Amino acid sequence: MLASKRIPVAVPSLNGNEKKYVNECLDSTWISSAGEFIGKFEKSFADFCGVRHAVAINNGTTAIHLALVALGVGEGDEVLIPTLTYIATANAVAYCNAKPVLVDSEPGTMNIDPSKVEASITPRTKAIIVVHLYGHPTDMGPIMDIARRHGLKVIEDAAEAHGAEYLGQRVGGIGDCATFSFFGNKIVTTGEGGMVTTNDPELDAKLRLYRGQGMDPKRRYWFPVVGFNYRMTNIAAAIGLAQMERIDEALETRQRVAKWYDEALAVHADLIERPVIAPYAKHVYWMYTVLLNGVTGEQRDEVMRLMDADGVETRPVFYPMHVLPPYLQDGADFGVANDQAARGVNLPTHAQLEAGDIDRIVASLVAALRSVGR
Ligand SMILES: *Cc1c(COP(=O)(O)O)cnc(C)c1O
C-alpha cells in the first residue's frame with residue numbers, strides 16, 4: 001500500500017518480459033522499424049481484438065490520421081466526433097484539412113450521443129469517429145446503422161479502451177477500423193505507440209502503404225503516393241508483446257480497482273456519481289471517472305487541489321473541443337458535455353493500488369467536498 005506517499009493517477013506495469021525482449025533488440029541490433037517483434041505484436045494484438053489485421057504505428061494520434069487518410073478523408077470533408085474527447089481525435093481530422101464537426105455527449109456514458117449524430121450530417125460528411133471514452137464502449141448499434149444509411153465510414157478511437165466489449169464483442173472490429181494508443185498511461189503501453197485494427201484486407205494494405213512513406217511493396221524506392229513515416233520501432237513492439245502476454249491480468253486488476261471504488265463510494269451516492277455502465281457494455285476502466293454532485297467547475301478544481309495537497313493525484317475530465325482555441329464554437333449548445341467536463345474527475349486507476357489506497361482516496365475526496373461546502 002502507498003501509505004502516506006503520493007498516489008499517482010496512472011502507473012505503467014512493466015514487470016513481465018519487457019526488459020528481456022528489449023535486451024534481445026539491443027543484442028541483435030534490430031532496434032529500428034524492422035525486426036521480429038513488430039509482426040509478433042501485430043499478430044497478438046489482432047488476435048486479442050478478434051480482428052484479421054493490425055498495423056503497428058508510432059503513436060495513437062498518427063494512428064487516427066493514418067486511418068482517416070486510408071479511408072479517403074481529405075480537404076473539405078467533414079468528420080463527426082464527440083466534443084468530449086482528448087484533442088488528438090480533433091487534431092487528426094485537422095491534419096487532413098478536413099473539418100471536425102462536434103457532437104454533444106450522452107448523459108451517463110459520456111460518449112458521443114447517437115441520437116444527436118444524424119442532425120449534424122451534411123453532404124460533406126465523410127466519416128464518424130467514435131471515442132470509447134475512459135474505457136466505456138460507445139453504443140455502436142445505432143452509430144453503424146446511421147453510417148450505413150448515409151454511406152459514412154466509422155473509426156473507433158479505442159485509445160482508452162483496449163479489451164472493452166460492445167454486446168460481447170471486443171472493440172477494434174466493429175467500425176471500418178479502430179485506432180489504439182500505447183502511451184505510457186494507457187492500458188497497454190509501448191512508451192509511445194499505436195495500432196490500427198481492421199477486418200478489411202484492402203484497408204490493411206493501404207494502412208501499410210501510407211505508414212511506410214507510401215513505398216510500393218513490390219518495387220523498392222518507388223512511391224506512388226505521398227505517405228508518412230509512422231512506423232513503430234522493434235523496441236516499442238518488444239515492450240508491447242510483453243504487455244500482451246499479461247493483458248488478461250492487467251484488465252482483471254482494473255476490474256478489481258473499480259469494484260473497490262464502487263463499494264467505497266456506495267455510501268456517498270448523494271455526493272458522488274459513480275461511472276454508469278450501459279447494459280451492452282463491458283467497461284475496462286482506463287480511468288475510474290466520477291461526477292461530483294452540486295458543484296461548480298471552480299469547486300471541482302478546488303476539490304482536486306485539496307486532494308493534491310493531501311497526496312492524491314487526480315485529473316479533470318477533458319475540456320470539450322468546443323471551448324479550446326483551435327476548435328472554439330462560441331455559444332454552442334453542448335450542455336451535457338459542458339456539465340460532465342465541469343463536474344468530472346478521473347481518480348487514480350492502476351495496478352499498484354490496494355484496497356487501503358482506495359479508502360484513502362475516497363476519504364480525501366469526501367473531505368475535500370466537505371471543505372467546499374458540500
Ligand atoms: C491517448 C489518446 C489518443 C492519442 O494517443 P497518443 O498515443 O498519445 O498519440 C487519442 N485519442 C484518445 C481518446 C486518447 O485518449
Side-chain angles (χ1 to χ4, degrees), residues 9-12 41 45 54-69 79-96 100 102-103 105-106 109-112 127-138 140 143 154-164 171-172 174-175 177-197 207 211 228-233 235-237 239-240 243 254 275 283-289 315-322 324 326-327 337 340-341 344 346 349-350:
V9 77
V11 184
F41 181 36
F45 201 78
V55 183
I57 311 292
N58 59 347
N59 65 63
T61 309
T62 51
I64 306 170
H65 182 211
L66 197 69
L68 287 164
V69 169
V79 178
L80 306 189
I81 68 168
T83 189
L84 194 68
T85 182
Y86 179 56
I87 194 156
T89 319
N91 284 348
V93 175
Y95 300 163
C96 299
L102 309 177
V103 179
S105 37
E106 186 176 58
T109 68
M110 303 205 234
N111 288 324
I112 193 167
I128 306 171
I129 307 180
V130 300
V131 181
H132 305 308
L133 202 69
Y134 300 127
H136 189 296
T138 299
M140 293 305 291
I143 297 287
V154 175
I155 298 175
E156 301 173 61
D157 179 349
E160 305 179 355
H162 318 62
V171 301
I174 306 171
C177 63
T179 63
F180 292 83
S181 165
F182 306 123
F183 184 64
N185 65 9
K186 298 289 162 81
I187 294 175
V188 173
T189 186
T190 61
E192 297 273 4
M195 192 77 82
V196 186
T197 57
L207 291 162
R211 173 182 68 175
F228 309 94
N229 177 359
Y230 283 175
R231 296 182 298 259
M232 175 180 273
T233 66
I235 299 173
I239 298 172
Q243 292 269 294
R254 285 175 188 275
H283 192 334
V284 285
Y285 300 103
W286 173 53
M287 288 278 156
Y288 189 96
T289 304
R315 294 187 358 177
V317 157
F318 298 122
Y319 289 106
M321 295 304 104
H322 67 267
L324 298 176
Y327 304 109
Q340 292 161 340
N346 304 136
T349 316
H350 56 82

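Given the structure is predicted, the values throughout are model-derived calculations rather than measurements. In each ligand, atom 1 is the first atom listed, and ligand 1 is the first ligand listed. Just the heavy atoms: all of them, side chains too, but no hydrogens, waters or symmetry mates, feed the values below.
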Among all residues two or more places apart in sequence or in another chain, which pass the side chain to side chain donor-acceptor pair (under 3.5 Å) test with Thr138?
His132
Can you see which heavy atom on Leu68 is nearest to which on Ile155, and at what distance?
CD2-CD1, 3.6 Å
With sequence neighbours left out, the residues meeting side chain to side chain donor-acceptor pair (under 3.5 Å) with Arg211 are Glu42
Look at the rings of Phe41 and Phe45 and say which category their plane angle falls in: under 30° parallel, 30 to 60° tilted, over 60° perpendicular.
perpendicular
Should Gln340 and Ser105 count as side-chain neighbours, where that means a heavy-atom distance under 4.5 Å?
yes
Residue set satisfying ring pair (Phe, Tyr, Trp, His ring centres under 6.0 Å) with Tyr327, at least two apart, ordered chain then number -> none
Pairs of nitrogen or oxygen atoms, one from ligand 1 and one from the protein, closer than 3.5 Å: please tabulate them with distances.
residue, atom, partner, partner atom, Å
ligand 1, 5 (O), Ser181, OG, 3.2
ligand 1, 7 (O), Gly60, N, 2.8
ligand 1, 7 (O), Ser181, OG, 2.7
ligand 1, 9 (O), Asn59, OD1, 3.3
ligand 1, 9 (O), Gly60, N, 3.3
ligand 1, 9 (O), Thr61, N, 2.9
ligand 1, 9 (O), Thr61, OG1, 2.5
ligand 1, 11 (N), Asp157, OD1, 3.3
ligand 1, 11 (N), Asp157, OD2, 2.8
ligand 1, 15 (O), Glu160, OE2, 2.5
ligand 1, 15 (O), Lys186, NZ, 3.1

